[in-house]
Amino acid sequence: MKRKYFYPSAIAVLTIGFWLFNNFYTPASYSDTNQKPVKNNVNDQYMPSATHGEIVAHNYFTLSYSEPHEQAEWVAYWLKREHLTYEDRKRPYFIEDPKVKTKSADWKNYRGSGYDRGHLCPAGDRRFSLQAYNETFYTSNISPQDRAFNAGIWNRLEQKTRSWCKKYGDLFIVTGGVLENGLAEIGEEDVDVPKMFYKIILRKKGDRFTALAFLMPNKERKEAFQSFIVPIDKVEQVTGIDFFKSMPKEVQDQLEANTFVDDWNF
DNA sequence: CTGCTATGC
DNA sequence: GCATAGCAG
């Protein structure tokens, strides 16, 4: 090889080798391809509407992805008693959701933004299996959250939710940021930064349903959780999402117009 | 628990 | 780029 070609060739080999190396070690998906895909782990009866989203069902949660906002408008899943395990798992890397056709945002949009990659379906709720845990690290399950909010009241609410699950049993949870026009954006892909986040928790109580809906600003607050409780109607009003649309109308109306603070131990 | 960043390969 | 360790709220 002539000397003048040595360095360009070496650089090319190293570049291609590096690319192969990275692609070999970075999984494209956290799904178990040997397992039959779960059509939908979430009962359709409880599924919200998609206002401008593409609904994607993973094995352990379902979401509606809003491409213009580069994040999910809602993430829905069951939290069951048997999910409440505390295996020590290693956090994997955030990767694009292979099931979102338009590609979910790259995690690098968040780097140096000042905002956390805040889980919508919490990793702490999906520790019962490796796949369940890893699935929560798809960037379709991530939203820009204020650091103190994510580690603060949002985290405390997630922990409280786990304690409710332990006490009351299975919970159906829908959560997300309030996506609207004119939000601040981060990264090359313009990931929107929600000003508000909501979380709706539903369970059966005897032969009826009871639910809690929280609407809170994307910043740390020291008030009690009760300060942020709203009727589900309020969350529908600000998000445009129709929750529990497949339930009988009377049930839905009654469920969404009220709060049920007394059904839940704070 | 919720995460980020620095450092080495 | 990944892996690990350390740190912070």
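To find a chain, count down the sequence lines: A is the first, B the second, and so on, and within it residues start at 1. Because the structure is predicted, anything quoted here is derived from the model rather than measured.
A/Phe137 has its CZ atom 10 Å from the C1' atom of B/dT2, to the nearest Å. Counting to the nearest Å, the C1' atom of B/dT5 and the OH atom of A/Tyr115 are 19 Å from each other. Atom-to-atom, CD of A/Gln145 to P of B/dC4 comes out at 11 Å; the value is rounded to the nearest Å. Rounded to whole angstrom, the span from the CD atom of A/Glu96 across to the C1' atom of C/dG1 amounts to 15 Å. When the P atom of B/dG3 is taken as reference, atom CZ of A/Arg89 falls 17 Å away, rounded to whole Å. A/Trp107 has its CH2 atom 11 Å from the C1' atom of B/dT5, to the nearest Å. When rounded to the nearest whole Å, the span between CZ of A/Arg111 and P of B/dG3 equals 18 Å. The nearest whole Å value for the distance from the CG atom in A/Asp88 to the P atom in C/dT4 is 13 Å.
Looking at the side chain of A/Tyr93, the nearest of the listed nucleotides C/dC2, B/dG3, C/dG9 is C/dC2. Taking only side-chain atoms of A/Glu158, from C-beta outward, the nucleotide of B/dG3, C/dG1, B/dT2 with the closest atom is B/dT2.
Among the atoms of the strands shown, none is found under 4.0 Å from any heavy atom of A/Arg156. Looking at heavy-atom distances under 4.0 Å, A/Gly152 makes no contact with the nucleic acid at all.
Neither OP1 nor OP2 of B/dT2 sits under 4.0 Å from any side-chain N or O of A/Asn150. Within the 4.0 Å cut-off from OP1 or OP2 of B/dG3, at least one side-chain nitrogen or oxygen of A/Arg91 is found. For A/Arg117, no side-chain nitrogen or oxygen approaches OP1 or OP2 of B/dG3 to under 4.0 Å. Between A/His119 and B/dG3, a side-chain N or O to OP1/OP2 separation shorter than 4.0 Å is present.
Aromatic rings of A/Trp78 and A/Tyr46 (six-membered ring for Trp) have centroids within the 6.0 Å cut-off, being under it. Under the 6.0 Å cut-off for aromatic ring centres, A/Tyr198 and A/Trp74 do not qualify, their centroids lying 6.0 Å or more apart.
Taking the nucleotide of DNA chain C with the nearest heavy atom to each of A/Asp106 and A/Lys90, the more 5' of the two is matched to A/Asp106. Positionally, the nearest nucleotide of DNA chain B for A/Gln159 lies more toward the 5' end than for the other of A/Gln159 and A/Gly112. When the nearest nucleotides of DNA chain B are assigned to A/Tyr110 and A/Glu87 by heavy-atom distance, the more 5′-ward of the two goes with A/Glu87.
A/Tyr65 pairs with exactly one of A/Lys99, A/His52, A/Glu54, A/Glu70 by the side chain to side chain donor-acceptor pair (under 3.5 Å) rule, that one being A/Glu70.
Between A/Phe197 and A/Trp154, the angle of the ring planes lies from 30° to 60°, which puts this pair in the tilted group.
For the pair A/Arg126 and A/Tyr133, the cation does not sit on the ring face, since its NZ or CZ is not both under 6.0 Å from the ring centre and inside 45° of the axis.
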